[in-house]
Amino acid sequence: MYRSVNEFMDTVVARNPGEKEFHQAIREVIESLWDFLQEHPRYMHSKILERIVEPERVLMFRVPWTNDRGEVEVNRGFRVEFNSAIGPYKGGLRFHPSVNLGILKFLGFEQVFKNSLTTLPMGGGKGGSDFDPKGKSDNEVMRFCQSFMTELQRHIGPDTDVPAGDIGVGGREIGFLFGQYKRLRNEFTGVLTGKALNWGGSLVRPEATGYGTVYFAKEVLATRDESLEGKTVAISGSGNVAQHATEKVIELGGKVVTLSDSNGSIYDPDGIDTEKLEYIMHLKNVERGRIKEYAAKYDVEYWENERPWKAKCDVALPCATQNEINADEAQTLIDNGCFCVTEGANMPSEPGAIDIYLENKILYGPGKAANAGGVSVSGLEMSQNSMRINWTREEVDTRLQNIMRDIHGQCVKYGEDGEFVNYMRGANIAGFIKVADSMLDQGVV
Ligand code: NDP
């Protein structure tokens, strides 16, 4: 039996060499759980830790496709089926050149705890490819998606594994993937979520991660009798999550002053209003342009190759990617008066940044709790597909708000530390208990 977190991590690192994001995600969870595990030795005795860090299955496959010039290109496809103790594997697909097995294992691991928190019956998984949709034509993206699904379809199904979108996988890609699945399997089922409304999608799914992140921030702020009304908010990213987080912050009376993409950030001290947001949505979702163009159009500052965290703000919502806030940036945020960081992205804060949030006792909502709204509405999409009905926008949105409130409640229950709530510890313990107990119930599996 392991006597310390470090001893356990030495084994994890030796068994998963070079997968640094995966190590980082595991260390964060195990450190949060350690005291709890000493008080509940049954988990250690039955080797739950050793089992829970090992994916149930990892698939890796070749994805050959032809570009518009008629040349063959080869990418690598992955699906990590991490844990099915509480339901079918569920989690997004990421298409980005940085994708590798270690990144998808980290995302799959996080997904297990996140899905457990949602109160819905979903196991955890994640997949994707090192394919870069940027600069590709629609036809190239379609041919890639068809090739990817030609292999993936053997491994997924509405009761087995239900992928969704993530970075680089939005409505267009889900459409191409679904079309190919249907063609190969000759069945119309809820095998993917994030589908368009005409063919099995759920209202509010596109908005759900961003909205959910803001609903979570609202809950967190309410514990200090605060709200988003009148607050200045820094957001990173300009994709699905960032756009809808911006929309909801505006609706709740906050002022969003930054957005970014992988080339740089824009700083608009007057705030991004609904009209400017519409421009961004068109720029990013239709023209597939760069955020720099916003700076030119509205004559605001553009910070080339810089992240937005030097902007003065009350609330920060990182919504781009992993490890996008380091310790220095966390300190800058706090020095500038930021007292709430709520994560729309997965693991956007480096461990040193989290230490600074906790030392300064600011409100810190970790991604696995705060961004669980997306997968929650994916779960609701699965329910609607099974029942072959569609809920109204109000019905889905109300359920989403209730789920985010419930997740907040679980974090408080397990993360309370005197006056302070350590949401990270609360999320990790609450997420763990349900999965670990289910694994114990199901024997040595
Ligand atoms: P999108 O692809 O729609 O947008 C991603 C945004 O982040 C883009 O602005 C992109 O810029 C930027 N970005 C991506 N990689 C990097 C990088 N390495 N450095 C700097 N910026 C980067 O993805 P989503 O909005 O769906 O996802 C954003 C985050 O939210 C991810 O961490 C994802 O895992 C998480 N998430 C998403 C959910 C969903 O439902 N979509 C659910 C839960 C979490 P560029 O265009 O230049 O690449």
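Residues take their numbers from the sequence shown, with the count starting at 1. Whatever order the structure lists them in is the order used to number ligands and atoms, beginning at 1.
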Is any NZ, NE, NH1 or NH2 atom of the basic residue among Arg205 and Glu381 found under 4.0 Å from an Asp or Glu carboxylate oxygen of the other?
-> no

At a non-hydrogen distance cut-off of under 4.0 Å, which region of Glu110 contacts ligand 1 (side chain, backbone, both, or neither)?
-> neither

Decide if atom CZ of Arg183 counts as having more than 12 heavy atoms of other residues, nucleotides or ligands within a radius under 6.0 Å.
-> no

Basic-acidic side-chain contact under 4.0 Å: Asp270, Lys255 = no

Within 4.0 Å of some non-hydrogen atom of Ser238, the atoms of ligand 1 are 9 (O)

Of all protein heavy atoms, the one nearest atom 12 (C) of ligand 1 is Ala320 CB, 3.9 Å

Give the single entry among Asn285, Asn346, Ile103, Ile167 that approaches atom 5 (C) of ligand 1 most closely by any heavy atom.
-> Ile167

Closest approach of any protein heavy atom to atom 40 (O) of ligand 1, naming residue and atom | Thr209 OG1, 2.7 Å

Identify the protein heavy atom lying closest to atom 17 (C) of ligand 1, giving its residue, its atom name and the separation to 0.1 Å.
-> Thr321 CG2, 3.4 Å

Indicate, as side chain, backbone, both or neither, the part of Gln322 found under 4.0 angstrom from ligand 1 when only non-hydrogen atoms are considered.
-> neither

Lys195 and Asn385 side chains, donor-acceptor separation under 3.5 Å = yes

Could you list which atoms of ligand 1 come closer than 4.0 Å to a heavy atom of Arg94?
-> 31 (C), 32 (O), 33 (C), 34 (O)

At a non-hydrogen distance cut-off of under 4.0 Å, which region of Asn371 contacts ligand 1 (side chain, backbone, both, or neither)?
-> both

Which atoms from ligand 1 have a heavy atom of Cys319 less than 4.0 Å away?
-> 28 (C), 29 (C)

Taking atom 2 (O) of ligand 1 as the point of reference, which of Ala245, Gly168, Gly239, Gly373 owns the nearest heavy atom?
-> Gly168

Determine, using heavy atoms of Glu173 and all atoms of ligand 1, whether some pair is separated by less than 4.0 Å.
-> no

Short version for Ser260: what comes under 4.0 Å of ligand 1, heavy atoms counted, is backbone

Taking the six-membered ring of Phe82 as reference, does the NZ or CZ atom of Lys105 fall below 6.0 Å from its centre and within a 45° cone about the axis?
-> no

Among protein heavy atoms, which sits nearest to atom 15 (N) of ligand 1, and what does the distance come to when rounded to 0.1 Å?
-> His96 NE2, 3.6 Å

